[in-house]
Amino acid sequence: MDELHETALALVAEGKGILAADESDGTIKKRFDSIDVESTEENRRAYRELLFSTEGVEEFISGVILYDETIRQTAADGTPFPRLLESKGVIPGIKVDKGAKPLANSDGETISEGLDGLRARLEEYRGLGARFAKWRATYTISGDLPSEYAIWTNAHALARYAALCQEAGIVPIVEPEVLMDGSHSIERSFHVTSRVLGAVFTELFDQKVRLEGTLLKPNMVLSGYDGDNRGSVDDVSEWTLKCFRRHVPAAVPGIVFLSGGQSDEDATAHLNAMNQRGPHPWQLSFSYGRALQAPALKAWGGKTENVEAAQKAYYRRAKLNSAARSGGYAPEMEREAVPA
Ligand code: 13P
């Protein structure tokens, strides 16, 4: 348990957060489509190498979540990616859920799969260098949904995953993501996120998961992306903190938010506003995919000659999010040059 607790604390160390680079085959293809690059194994490898070898970014990045293909790949010089990360003091992690699939007998809701055979997969991933893992469950807000059925089945699966991780000496990142598609109000987002977190922590407790060796990766409480009168940065920070204070035990070392389709600047501003209202019982940090990678992906465009520009863009986002860890970010910094 001491090791799990230490790893969890290291992942939310001061000024640091996590890079989510664990896009599944389908998701990375979507990202590459947006820059007109073919999703071949070599292109995926080259893109991930660009991110992982960015010089100096380890000042802001504590861990990287990898995908099954990525944890087995190597840098151009033959160094396995987990070794490359470890050599910079960055902790390798692994996505282990097998995606959200239709939930039987539900009204179009989903359940994340991947529990069968998970004990053996975790053992293998630990051998490959993983010290933490991620399992994502998703919930859609629409009409009366999400249902209690979807909320509790996903919470149960998240806790089964978390218990198996801890048995294997791997810190589970528990990711219940309430999606922000739709036109719902911020209050609705608050109520749904509250119900989801209530179920998740009940299941974690019932399944004897030790919270000190766990991290939570949730959505922020936002207005639906298509709604009118969307909440301001202050509203988001107030509703999100109110929700988490009520539902996340202080034994959890850190909350590492996902960006979930927010613009990169919004994701940074929201995290910053929450940290300005600290101190909090837990570290408030980031585990961003899109919000850390979007400018880098665009700058790269699949071309070797753009690697340096892409690394600069990634470094810059990492640095700004690091500033948001202590409430030290200001939107004006977006326009200043960040020396890499
Ligand atoms: P986003 O920050 O792009 O939402 O990705 C984080 C993640 O890992 C989602 O599972």
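Counting starts at 1 for both ligands and their atoms, in listed order.
- Summarising the local packing, NZ of Lys303 is surrounded by 12 or fewer heavy atoms from other residues, nucleotides or ligands at distances under 6.0 Å.
- Relative to the six-membered ring of Phe257, Lys217 misses at least one condition, a distance below 6.0 Å or an angle of at most 45° to the axis.
- A salt bridge is defined here as a Lys NZ or Arg NE, NH1 or NH2 lying under 4.0 Å from an Asp or Glu carboxylate O, and Glu124 with Arg121 fails to meet this definition.
- Those atoms of ligand 1 that come under 4.0 Å of a heavy atom in Tyr288, given as number and element, are 2 (O).
- Of all the heavy atoms of Arg290, the ones lying under 4.0 Å from any atom of ligand 1 are found in both the backbone and the side chain.
- Near Gly260, meaning under 4.0 Å from any of its heavy atoms, are these atoms of ligand 1: 1 (P), 2 (O), 4 (O).
- Atoms of ligand 1 lying under 4.0 Å from at least one heavy atom of Lys134, given by number and element, are 7 (C), 8 (O), 9 (C), 10 (O).
- Between Phe32 and Trp300, the angle of the ring planes lies from 30° to 60°, which puts this pair in the tilted group.
- For atom 9 (C) of ligand 1, the nearest non-hydrogen atom of the protein is Glu175 OE2, 3.2 Å.
- Proximity of Ser287 to ligand 1, defined as any heavy-atom pair under 4.0 Å, is confined to the backbone N, CA, C and O atoms.
- With a 4.0 Å cut-off on non-hydrogen atoms, Lys217 touches ligand 1 through its side chain and not its backbone.
- Closest to atom 5 (O) of ligand 1 among all protein heavy atoms lies Gly289 N, 3.5 Å.
- Under a hydrophobic clustering in which Ile, Leu, Val, Met, Phe, Trp and Tyr are joined whenever their side-chain heavy atoms come within less than 4.5 Å, directly or via other members, Ile151 and Leu179 fall into different clusters.
- Hydrophobic cluster membership differs between Val200 and Leu103, with clusters built from Ile, Leu, Val, Met, Phe, Trp and Tyr side chains linked at under 4.5 angstrom.
- Side-chain polar atoms of Gln166 and Thr214 form a donor-acceptor pair below 3.5 angstrom.
- Nearest non-hydrogen protein atom to atom 2 (O) of ligand 1 is Ser259 OG, 2.5 Å.
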